[in-house]
Amino acid sequence: MALHCGRTCRQYLLHLAHDNVDFRLPEIKALLSLRNRPFDTSETFKEKSPFCQLNGLSEEDIQSIMSRTVCAKSAFELWGHGKSTAELKASLLRYPVENMAPYLQHNSTYKINVYTFNKTLVFEDRIKKIDALDFLPFEGKVNLKDPDHIFCLLEDYGSDPNEIPEEPFHIYFGRWIADGQRELIRSYSVKKRHFIGNTSMDAGLSFIMANHAKVKANDLVYDPFVGTGSLLVACSRFGAYVCGTDIDYNTIHGIGKASRKDQKWRGPDENIRANLRQYGTESLYLDVMVSDASKHVWRKGAKFDAIVTDPPYGIRESTRRTGSHKDITKPLEDFSGESHVPVSMAYHLSDIFADLLNFAAHHLVLGGRLVYWLPVYRPEYCEEMVPLHPCLTLISNCEQTLSSHTSRRLITMEKTKEPEESDRLMHLADPRFTPYQGHNSFREKYFSGLTKKNAKENAKTTSGE
Ligand SMILES: C[S@@+](CC[C@H](N)C(=O)[O-])C[C@H]1O[C@@H](n2cnc3c(N)ncnc32)[C@H](O)[C@@H]1O
């Protein structure tokens with residue numbers, strides 16, 4: 001750590017929540033990139049660790065991350081750290097006194113917390129650890145209820161609950177700056193939501209998606225598979241104007257059978273607008289309408305700042321699209337003179353994703369993000385299965401396990417160029433842009449017709465071995 005460290009080169013420590021582990025770094029990166037700030041972590045960072053050191057940022061940058069993140073619990077100005085108590089002490093003694101002084105003054109109050117990861121300490125041991133910090137020049141009075149400043153000793157005992165070491169692998173000490181927005185997971189829980197459906201997206205994941213999409217105030221965000229609007233709720237919380245479409249008339253109009261087990265039919269005001277009203281963001285609700293994503297209704301030139309969506313996987317909802325006379329193979333005279341022939345056809349997963357990426361390439365602003373879920377059969381999964389597009393750059397790809405053999409991956413892409421005719425041709429010619437057909441049997445695999453042996457054989461066939 002540099003000796004004469006000014007305000008901007010201080011180090012910060014994030015304490016990350018230990019759920020949704022895969023989503024945490026992309027979330028922090030996206031929030032930093034919203035401020036055009038680099039993501040510069042310490043070389044010691046481990047993917048599974050709940051602690052993440054950040055360099056080259058200001059306290060305002062950290063405050064801004066914490067005002068949005070649902071993956072980080074708390075942030076600290078890091079005063080020292082080390083692999084042992086002696087190393088921590090040496091590091092703390094090197095920290096510039098002028099950086100500490102404003103928080104240690106005699107007319108201020110403070111308290112020190114001890115946090116241990118993967119180990120529980122008895123009260124006496126915690127007190128001993130606090131007492132061992134008496135070499136720091138604290139001049140204020142201790143106040144446990146309402147202190148002016150809070151400090152924290154954080155100890156990392158690794159991530160293996162079956163092998164907890166006697167001494168921590170790493171110890172950190174810092175000044176608490178802010179907590180993240182974990183509270184939103186509870187206050188926006190779908191259990192307490194006005195209008196829900198069978199596939200309403202969990203509140204925590206909805207906020208993670210809005211963060212990965214870098215949704216910000218006054219953005220225009222669109223969900224083409226809007227369902228009950230959980231993603232619109234999360235995006236409007238960050239100040240975006242929101243709209244959506246869905247093929248299901250009942251969902252869009254908030255009518256039909258209720259999803260709650262103690263209720264038969266949806267009530268008169270169970271709809272997406274009412275959901276936004278529940279959270280005080282109705283003024284950001286543009287509208288929703290019935291529309292088939294395979295034949296979108298947007299005029300050329302309509303642009304969105306972000307597209308955040310959860311397409312159907314065909315597990316709890318069908319993957320259908322509307323057809324047309326062109327799709328009908330039996331002779332029209334068989335429809336005995338009807339003027340309108342309603343047609344509904346299977347909407348294959350690979351087509352859903354190809355259409356979605358193509359739509360995003362045309363209807364996102366440059367720099368705008370597409371965030372969506374891709375269901376995968378885990379024994380067969382490889383990175384090549386993630387659909388690509390010449391105008392969209394893959395930013396992150398995070399796994400959420402659904403069962404031993406299935407998962408869904410949260411894919412974040414950024415539009416990096418406007419589509420040209422040559423892209424369409426490249427799209428057709430380049431195998432990297434050819435939709436992966438394996439997604440189409442996801443439903444069967446989900447209900448597990450495939451054994452692991454079959455899966456390996458299948459994988460060999462798809463890779464052309
Ligand atoms: C996984 S759900 C989305 C759930 C939504 N995120 C929520 O929180 O309620 C997928 C939605 O896609 C809709 N859908 C299925 N096929 C569609 C199509 N061809 N065009 C538009 N929407 C479609 C379904 O009706 C369903 O509401």
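First listed ligand is number 1; within each ligand, the first listed atom is number 1. Side-chain atoms are counted along with the backbone in the values below, which use heavy atoms only and exclude waters and symmetry mates.
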Margin query: Under 4.0 Å, heavy-atom basis, I'd like to know which part of F225 is in contact with ligand 1: side chain, backbone, both or neither.
Written below: both
Item checked: Contacts of type ring-ring contact (aromatic ring centres under 6.0 Å, His included), residue H194, not counting sequence neighbours -> none
Next item on the list: Using non-hydrogen atoms of the residue, decide whether S200 is closer than 4.0 angstrom to ligand 1.
Entry: yes
Margin query: So does G239 get a backbone contact from the side chain of S236, meaning a donor-acceptor N/O pair under 3.5 Å?
Written below: no
Checklist line | ligand 1 atoms in contact with P224 (distance to a heavy atom under 4.0 Å) | finding: 21 (C), 22 (N)
Next item on the list: Please confirm whether R408 makes a cation-pi placement over Y372, using NZ or CZ under 6.0 Å from the six-membered ring centre and within 45° of the ring normal.
Entry: no
Note to self: Could you report the tightest heavy-atom contact between T116 and Y157, atom names first, then the distance?
What the structure shows: CG2-CE1, 3.9 Å
Item checked: Where ligand 1 meets D248 - atom numbers and elements under 4.0 angstrom, heavy-atom basis -> 25 (O)
Notebook entry, point to check: Hey, does P312 come in under 3.5 Å of ligand 1, counting only N/O atoms on both sides?
Noted result: no
Next item on the list: Could you list which atoms of ligand 1 come closer than 4.0 Å to a heavy atom of Y347?
Entry: 19 (N)
Notebook entry, point to check: Quick one: does T251 get an N or O within less than 3.5 Å of an N or O on ligand 1?
Noted result: no
Note to self: Would V226 count as a contact residue for ligand 1, given that I'm defining contact as a non-hydrogen atom of the residue lying under 4.0 Å from a ligand atom?
What the structure shows: yes
Note to self: Only heavy atoms of M201, strictly under 4.0 Å: list the atoms of ligand 1 that pass.
What the structure shows: 7 (C), 8 (O)
Next item on the list: Closest by any non-hydrogen atom to atom 27 (O) of ligand 1: pick that one out of D246, D355, N250, I247.
Entry: D246
Next item on the list: Measure the distances from the heavy atoms of S291 to every atom of ligand 1 and state whether one is below 4.0 angstrom.
Entry: yes
Notebook entry, point to check: Can you list the ligand 1 atoms lying under 4.0 Å from a non-hydrogen atom of D310?
Noted result: 1 (C), 2 (S), 3 (C), 6 (N), 10 (C)
Check: Do F359 and Y222 touch side chain to side chain, with heavy atoms closer than 4.5 Å?
Finding: yes
Margin query: Check contact between D292 and ligand 1, using heavy atoms of the residue and a distance below 4.0 angstrom.
Written below: yes
Note to self: I'd like to check whether P311 has a polar contact with ligand 1, where a contact means an N/O of the residue lying under 3.5 Å from an N/O of the ligand.
What the structure shows: no
Margin query: Parallel, tilted or perpendicular: which one describes the rings of Y115 and H15, with boundaries at 30° and 60°?
Written below: tilted
For residues 249-256, dump all side-chain donor-acceptor pairs below 3.5 Å to protein atoms at least two apart in sequence or in another chain.
unit_1, atom_1, unit_2, atom_2, d
T251, OG1, D248, OD1, 3.3

Next item on the list: Report yes or no: does Q278 contribute a side-chain atom to a donor-acceptor pair with the main-chain N or O of K192 at less than 3.5 Å?
Entry: yes
Item checked: Basic-acidic side-chain contact under 4.0 Å: K295, D355 -> no
Next item on the list: Return yes when G197 approaches ligand 1 closer than 4.0 angstrom through a heavy atom, no otherwise.
Entry: no
Note to self: Please state which option from T228, N275, L231 has its nearest heavy atom closest to atom 7 (C) of ligand 1.
What the structure shows: T228
Notebook entry, point to check: Hey, are R175 and E59 close enough for a salt bridge, meaning a charged N less than 4.0 Å from a carboxylate O?
Noted result: yes
